[in-house]
Amino acid sequence: MPWRTSPADRARGILPDPYHIWMSEVMLQQTTVAAVRDYFLRFTARWPTVADLAAAEDGDVMGEWAGLGYYARARNLLKCARAVVSDHGGQFPDTLAGLLSLPGVGPYTAAAISSIAFDRAETVVDGNVERVMARLFDVHTPLPAAKPELTALAAELTPAKRPGDYAQAVMDLGATICTPRNPACGICPWRTPCAARRLGTATELPKKTPKKPKPTRTGIAYIARRSDGAWLLERRPDRGLLGGMLGWPGSDWAEEVPPHDAPLGANWQPLPDLALHTFTHFHLRLTVMVAQAPEGSNPQIGMFLPPETFRASDLPTVMRKAFDLAHAHFIELG
DNA sequence: GAGACGTGGAC
DNA sequence: TGTCCAAGTCT
């Protein structure tokens, strides 16, 4: 992983750049290593220091984050970089309290930065550690109620020596051996003390409270291409779903399509295929309306972005799906 | 405490 | 296809 320093370097006391650890930990929130890797490389290449990031345009950061999800992380990433520069002289705080005061940095991320980047003895508790502790001590209390109990158990195991290596090791154990399904108990370094291994309960732990089913919502997106190749887009408000991201004008999304005004007053036509997408808490069936807009069109809603400015990769995935359908349509049109 | 908040991969 | 899941935070 590109944000790690080698074990040999850590053993010699060479610690990683706190900026890199912070960036990777924020990206890794609820996100797999495989998904994060390329984003991390692009972000650190484009903004090598926290000061560079703090000076970035909001839209550039949101566009670079597009596709990674949980966009509040990107908004808080910028807020945090600016806070580090304006309130902390461009250096990340090394204490839990200092780190916790930063936007987008909660108990997990603060402990991760403090232990990994500064080698302080803080207890890191993520989903991996919760699972490892639940099995090691055979805890049957369902999550999230079990969190305090699992955190206390994890804290007792946290060593004073090499806490950064330890934090990464426990998370790696959870990610590679003590996995949710088919844990590799036979090769686990903790197989001897593990209570769940002894009792045969490993695969059923940790218990979780059941989730609610996802409802299906419907909506309409309007995609207009002007004769000069410009696309009609809007910047979504900073709060809520896809907040701060670029998107197509359209209706709200609800069980029934809410009343709304179409932009431009062009002759909109529906595409035969819907854009289907699933968010954390609902399914979406999005009707895509397309229209050709005459040159010189001035929209009441949104703005036309010329093709040299617009990158489809700046769109969140649901908007990208709608674009791909519309783009194919306009190509057919010639 | 519970819900909002994305996405892509595994099974 | 549908469900679950991944290095959480904020409200």
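To find a chain, count down the sequence lines: A is the first, B the second, and so on, and within it residues start at 1. From a predicted model like this one, the values you see are computed outputs, not experimental measurements.
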Q: Can you check whether Phe92(A) and His20(A) have ring centres sitting under 6.0 Å from each other?
A: no
Q: When you get a sec, tell me which of dT7(B), dC10(C), dG8(C) is the closest nucleotide to the side chain of Tyr71(A)?
A: dT7(B)
Q: So does Thr317(A) get a side-chain nitrogen or oxygen closer than 4.0 Å to the phosphate oxygens (OP1/OP2) of dG8(B)?
A: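 For Thr317(A), the contact criterion (side-chain N or O under 4.0 Å from OP1 or OP2 of dG8(B)) is met.
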Q: Closer to the 5' end of DNA chain B via nearest nucleotide, is it Pro144(A) or Tyr70(A)?
A: Pro144(A)
Q: Which part of the nucleic acid, if any, lies within reach of Gly240(A) when heavy atoms closer than 4.0 Å are counted: base, sugar-phosphate only, or nothing?
A: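 Gly240(A): backbone/sugar contact only, no base atoms under 4.0 Å.
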Q: What's the closest nucleotide to the side chain of Leu242(A) if the choices are dA6(C), dC5(B), dG6(B)?
A: dG6(B)
Q: If you measure from the P atom in dT11(C) to the same atom in dG6(B), how many Å do you get, rounded?
A: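 It comes out at 14 Å once rounded to the nearest Å.
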Q: To the nearest angstrom, how far is Arg131(A) atom CZ from dC4(C) atom C1'?
A: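 About 12 Å, once rounded to whole Å.
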Q: Using a heavy-atom cut-off of under 4.0 Å over every strand shown, decide if Ser24(A) touches base, sugar-phosphate, or nothing.
A: nothing
Q: When all nucleic acid strands are considered with a 4.0 Å heavy-atom cut-off, which category describes Thr280(A): base, sugar-phosphate, or nothing?
A: base
Q: Just the rounded figure in Å: distance from P of dT9(C) to CG of Asp126(A).
A: 10 Å
Q: If you pin Trp3(A) and Asn76(A) to their nearest nucleotides in DNA chain C, which one's is more 5'?
A: Trp3(A)
Q: In whole Å, measure the gap between the P atoms of dC5(B) and dG2(C) for me.
A: 22 Å
Q: So does His277(A) get a side-chain nitrogen or oxygen closer than 4.0 Å to the phosphate oxygens (OP1/OP2) of dG6(B)?
A: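 For dG6(B), neither OP1 nor OP2 has a side-chain N or O of His277(A) closer than 4.0 Å.
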Q: Is there a side-chain contact between Pro142(A) and Lys208(A), using heavy atoms and a 4.5 Å cut-off?
A: no
Q: Between Gln30(A) and dG8(C), does any side-chain N or O lie under 4.0 Å from OP1 or OP2?
A: yes
Q: Can you check the Phe279(A) CZ to dT3(C) P distance for me, whole Å?
A: 17 Å
Q: Using a cut-off of 4.0 Å on non-hydrogen atoms, how would the nucleic acid contact of Leu68(A) be classed: base, sugar-phosphate, or nothing?
A: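 Counting heavy atoms under 4.0 Å across all strands, the contact made by Leu68(A) includes a base.
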Q: Side-chain donor-acceptor pair under 3.5 Å between His277(A) and Lys321(A), yes or no?
A: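 Yes, a side-chain donor-acceptor pair sits under 3.5 Å.
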Q: Tell me if the centroids of the rings in Phe310(A) and Phe323(A) come within less than 6.0 Å of each other.
A: yes
Q: Looking at every strand, decide which applies to Lys208(A) at a 4.0 Å heavy-atom threshold: base, sugar-phosphate, or nothing.
A: sugar-phosphate
Q: So if I take every side-chain heavy atom of Pro107(A) and compare against dA6(C), dA10(B), dT9(C), which nucleotide ends up nearest?
A: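 Per side-chain heavy atoms of Pro107(A), the pick is dT9(C).
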Q: Side-chain N or O of Thr109(A) versus OP1/OP2 of dT9(C): is the shortest distance under 4.0 Å?
A: yes
Q: Hey, does Met1(A) reach any base, or is it just sugar-phosphate, or nothing, if we go heavy atoms under 4.0 Å?
A: base
Q: Report which part of the nucleic acid Lys211(A) touches: base, sugar-phosphate, or nothing (heavy-atom distance under 4.0 Å, all strands).
A: sugar-phosphate
Q: Once the angle between the rings of Trp3(A) and Phe40(A) is folded into 0 to 90°, is it parallel (under 30°), tilted (30 to 60°) or perpendicular (over 60°)?
A: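 Taking Phe40(A) first and then Trp3(A), their aromatic rings stand perpendicular (interplane angle over 60°).
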Q: Aromatic ring centroids of Trp231(A) and Phe330(A) under 6.0 Å?
A: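 Yes, ring centres under 6.0 Å apart.
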Q: Does a side-chain N or O from His281(A) land closer than 4.0 Å to OP1 or OP2 of dC5(B), or not?
A: yes
Q: Using the closest heavy atom to pick a nucleotide of DNA chain C for each, name whichever of Leu102(A) or Thr179(A) lands nearer the 5' end.
A: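 On the 5' side of the pair lies Thr179(A).
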Q: Categorize Val129(A) for me: base, sugar-phosphate, or nothing, with a 4.0 angstrom heavy-atom threshold over every strand shown.
A: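 No contact at all - Val129(A) keeps every heavy atom at 4.0 Å or more from the nucleic acid.
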Q: Which part of the nucleic acid, if any, lies within contact of Gly174(A), taking any heavy atom under 4.0 Å across all strands shown: a base, the sugar-phosphate backbone alone, or nothing?
A: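 Contact class for Gly174(A): none.
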Q: Describe the nucleic acid contact of Arg4(A) in one word from base, sugar-phosphate, nothing, applying a heavy-atom distance below 4.0 Å.
A: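 The residue Arg4(A) makes base contact.
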